[in-house]
Amino acid sequence: MGYLSVISQAVQNGDHNKVVQTVEESLRDGMPAIDVLEKGLVPGIQALGERFKGGEVFLPEVLISARAMNRGVEVLNPHLTGEETQKQGTVVLGTVEGDLHDIGKNLVKMMLECNRFHVVDMGIDVPPTSFADAAREHKADIVAVSSLLTVTMVNIPGVIDALEKSGLRGKVPVMVGGAPLTREFADSIGAEGFAEDCASAVDEAKRLMTH
Amino acid sequence: MSISDGERFLGICRFERPGDLCLLTSFFNGFWSKTLEEWVQQGAPKQILDSSFCNAYFQFVDIHAMRELKTGSYNDRIDIGGGVTYEHSVHLVVPPYESRIIGEDERTITLINKDGKKARVFKDDPERMPMFLDHPVKDRASWEEHKKRLDPNTPERYPSDWNAYVQEINSKSEPTMLLAGSLFGHLREWVGLENLLYMFYDDPSLIEDMMDQICYLETESLKRALKDIRVSCAMFWEDMAYKTGPLISPDMFRKFMMPRYRKITDVLHSNGIDVIFVDSDGDVNKLIPLWLECGVNGHCPLECAAGNDAVALRKKYGKDIILGGNIDKRELLKGKDAIREEVMSKLPFLLETGGYFPAVDHLVPPDVTFENYCYFINTMREVAGMEKLSFQ
């Protein structure tokens with residue numbers, strides 16, 4: 001099995017030691033770092049994402065696989081050029097005002113970063129204007145909002161209003177997700193995107209990048 | 001001939017009372033405190049802030065969860081100043097940790113609670129789920145310390161006057177519920193969810209040790225209770241699923257949890273307890289057959305937003321499963337037509353087939369109006385052929 005297949009499988013198995021060892025070997029053997037990243041690590045996490053969406057693996061497997069990938073990326077980073085480290089896009093991500101839940105948001109962040117998005121993590125209990133300010137400051141491509149309660153999901157339209165007031169509406173799409181949320185709710189408030197889980201969030205973010 | 005509420009409860013669980021609408025308290029029908037406060041503003045009598053009045057007002061049937069026996073979570077409270085109290089669950093630990101406030105900003109207070117967790121709580125709404133910043137169990141060394149609070153023989157785990165307690169419980173006509181603890185939920189509270197999920201791979205033997213200690217605590221303390229106390233049913237609490245599925249795989253559940261579940265349910269079964277519930281939020285569909293396999297035959301709250309469907313479960317499992325909850329709280333936010341449609345789509349079938357305790361699929365949140373909730377109650381009573389309540 002070649003380096004790339006071994007790396008991809010090791011990511012899917014969450015074997016961070018194997019990932020680091022094989023990434024180092026591949027670099028020593030002269031493989032370009034960008035190839036290791038794009039043809040080894042990223043396919044591994046993408047395959048894991050598909051298996052998660054298919055109900056084959058669960059959250060512990062997602063976490064250890066993301067960790068394995070990140071360890072591999074740490075080895076690669078000094079070998080990647082500035083252009084090669086360019087991200088797919090920038091996502092401003094946070095849990096809506098009044099809500100202190102973060103596990104869902106953290107998983108989305110992890111999967112987006114593994115799929116080469118730059119994530120600006122605003123944390124929890126984020127006021128609407130903070131989303132808008134961060135979107136402007138970081139030149140965000142997407143704003144992603146999480147909510148776990150029916151009593152806090154009602155604060156999400158405020159984020160869209162804040163983007164409107166700051167002149168970003170129509171330029172920066174909004175993606176939403178969380179336990180009480182549905183695509184119907186997302187449509188009703190004018191959000192451009194909706195994700196059921198952390199793996200789907202990556203697909204949705206990619207779709208919105210071409211929006 | 002009239003029967004007691006306890007007998008009625010068991011009759012419904014055993015599918016002997018089709019059509020009987022029984023709205024239970026405790027793990028079934030409940031409200032956020034803020035909900036009842038809002039309802040008083042909307043015209044509800046102020047007395048509904050008192051739980052006994054509230055239960056009688058809506059004609060709930062009280063089921064007594066024996067939290068006085070610290071065999072599961074029990075409640076404790078911390079004064080956070082300004083006349084505000086933060087009430088929270090303490091997960092099995094006896095004695096509880098010493099609580100203290102360690103920080104404050106305009107909107108929140110950071111404290112160590114009696115469960116040993118560092119929590120950030122909203123000052124103006126301490127009932128809202130806090131953010132947990134740190135947990136008492138991080139590794140084997142901290143586990144060994146924490147374990148000292150999980151001894152089934154600690155006297156403070158039980159009421160000091162055991163005989164008086166036994167007499168009090170055994171004289172009740174309402175159903176009684178023994179809390180059987182939790183194999184995942186307590187670990188999550190002690191370790192933190194993310195750390196726990198990593199730990200299944202990084203230190204599985206520590207997971208096994210923690211679950212073994214819980215299993216030991218439960219089997220010993222339940223045996224003690226069951227020797228003297230009349231028990232209608234048992235309840236596990238897990239909260240081990242989320243919107244799209246379980247937090248761990250069925251294979252992990254089978255490997256880590258099922259052997260320990262069986263030890264506890266064996267104790268319950270050998271003492272005549274054949275109604276054993278589990279309370280888990282989220283999508284539990286993949287786990288229900290595994291719970292059934294280890295003797296856990298009742299399930300609540302069956303959250304609708306997570307894809308749980310009591311009608312489908314009844315059709316799939318027949319009388320092997322007792323069901324509770326599954327009334328979509330999101331429909332109660334809408335108007336009467338939506339509420340009626342929700343009730344009519346489920347209740348006639350579920351009451352007719354039996355083994356079902358209706359409830360909103362979690363605590364009723366404050367954005368549900370008093371008017372809507374009263375309409376919901378009366379629509380259910382209509383289905384059951386009962387007189388409507390006037391809610392004066």
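First the proteins, then the strands, lettered A, B, ... as listed; each starts at 1.
Annotation for Lys39(A): atom NZ does not count as buried by contact number, only 12 or fewer foreign heavy atoms lying within 6.0 Å. A 6.0 Å sphere centred on CZ of Arg77(B) holds no more than 12 heavy atoms belonging to other residues, nucleotides or ligands. More than 12 heavy atoms of other residues, nucleotides or ligands lie within 6.0 Å of CG in Asp124(B), so this atom counts as buried by the packing criterion. Under a cut-off of 6.0 angstrom, the local environment of NZ in Lys87(A) is crowded, with over 12 non-hydrogen atoms contributed by other residues, nucleotides or ligands. At most 12 non-hydrogen atoms from other residues, nucleotides or ligands lie less than 6.0 angstrom from CD of Glu341(B). Around atom NZ of Lys18(A), no more than 12 heavy atoms belonging to other residues, nucleotides or ligands sit under 6.0 Å away. Atom CD of Glu371(B) sits in a sparse spot, with 12 or fewer heavy atoms from other residues, nucleotides or ligands closer than 6.0 Å.
Across all non-hydrogen atoms, the minimal contact from Glu194(B) to Asn106(A) is OE1-ND2, 3.5 Å. The two residues Phe58(A) and Ser249(B) have their closest heavy-atom pair at CD1-CB, 3.2 Å. A pairwise comparison of heavy atoms in Pro60(A) and Tyr201(B) identifies CB-CE1, 3.8 Å as the closest pair. Annotation for Ala179(A) and Ala305(B): closest pair O-CB, 3.8 Å, computed over non-hydrogen atoms.
For chain A, the nearby part of Asp202(B) is the side chain; its heavy atoms alone come within less than 4.5 Å. With a 4.5 Å cut-off on non-hydrogen atoms, Met252(B) touches chain A through its side chain but not through its backbone. Using a 4.5 Å cut-off between heavy atoms, Leu107(A) makes no contact with chain B at all. Both the backbone and the side chain of Ile248(B) come within contact range of chain A, with heavy atoms under 4.5 Å apart. Only the side chain of Met110(A) comes within less than 4.5 Å of a heavy atom in chain B; its backbone stays farther off. Neither the backbone nor the side chain of Glu56(A) comes within contact range of chain B, judged by heavy atoms closer than 4.5 Å. Contact of Leu59(A) with chain B is made through backbone and side chain together, with heavy-atom distances under 4.5 Å. In this structure, the portion of Phe52(A) lying under 4.5 Å from any heavy atom of chain B is its side chain and not its backbone.
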- prompt: Can you check side chain to side chain contact (heavy atoms under 4.5 Å, CB included) on Arg330(B) and Thr182(A), steps first, answer last?
  reply: CA-CA 11 Å; Arg330(B) 297 170 299 177; Thr182(A) 60; 3.7 Å; yes

- request: Walk me through it: do Thr150(A) and Asp367(B) pass the test side chain to side chain contact (heavy atoms under 4.5 Å, CB included)?
  value: CA-CA 8 Å; Thr150(A) 57; Asp367(B) 41 354; 3.5 Å; yes

message: Test side chain to side chain contact (heavy atoms under 4.5 Å, CB included) on Phe122(B) and Leu100(A); report intermediate values, then the result.
response: CA-CA 9 Å; Phe122(B) 278 112; Leu100(A) 299 183; 3.7 Å; yes

- prompt: Can you list the steps and then say if Ile64(A) with Tyr198(B) is a side chain to side chain contact (heavy atoms under 4.5 Å, CB included)?
  reply: CA-CA 7 Å; Ile64(A) 62 168; Tyr198(B) 278 113; 4.0 Å; yes

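Atoms CD1 and CG, on Ile103(A) and Leu193(B) in that order, are 4.5 Å from each other to the nearest 0.5 Å.
The shortest distance between side-chain heavy atoms of Pro366(B) and Val151(A) falls below 4.5 Å.
Remark: side-chain polar atoms of Lys243(B) are not paired, donor with acceptor, to backbone N or O of Asp197(A) under 3.5 angstrom.
A salt bridge links Arg107(B) with Asp125(A): the distance from a Lys NZ or Arg NE/NH1/NH2 to an Asp or Glu carboxylate oxygen falls below 4.0 Å.
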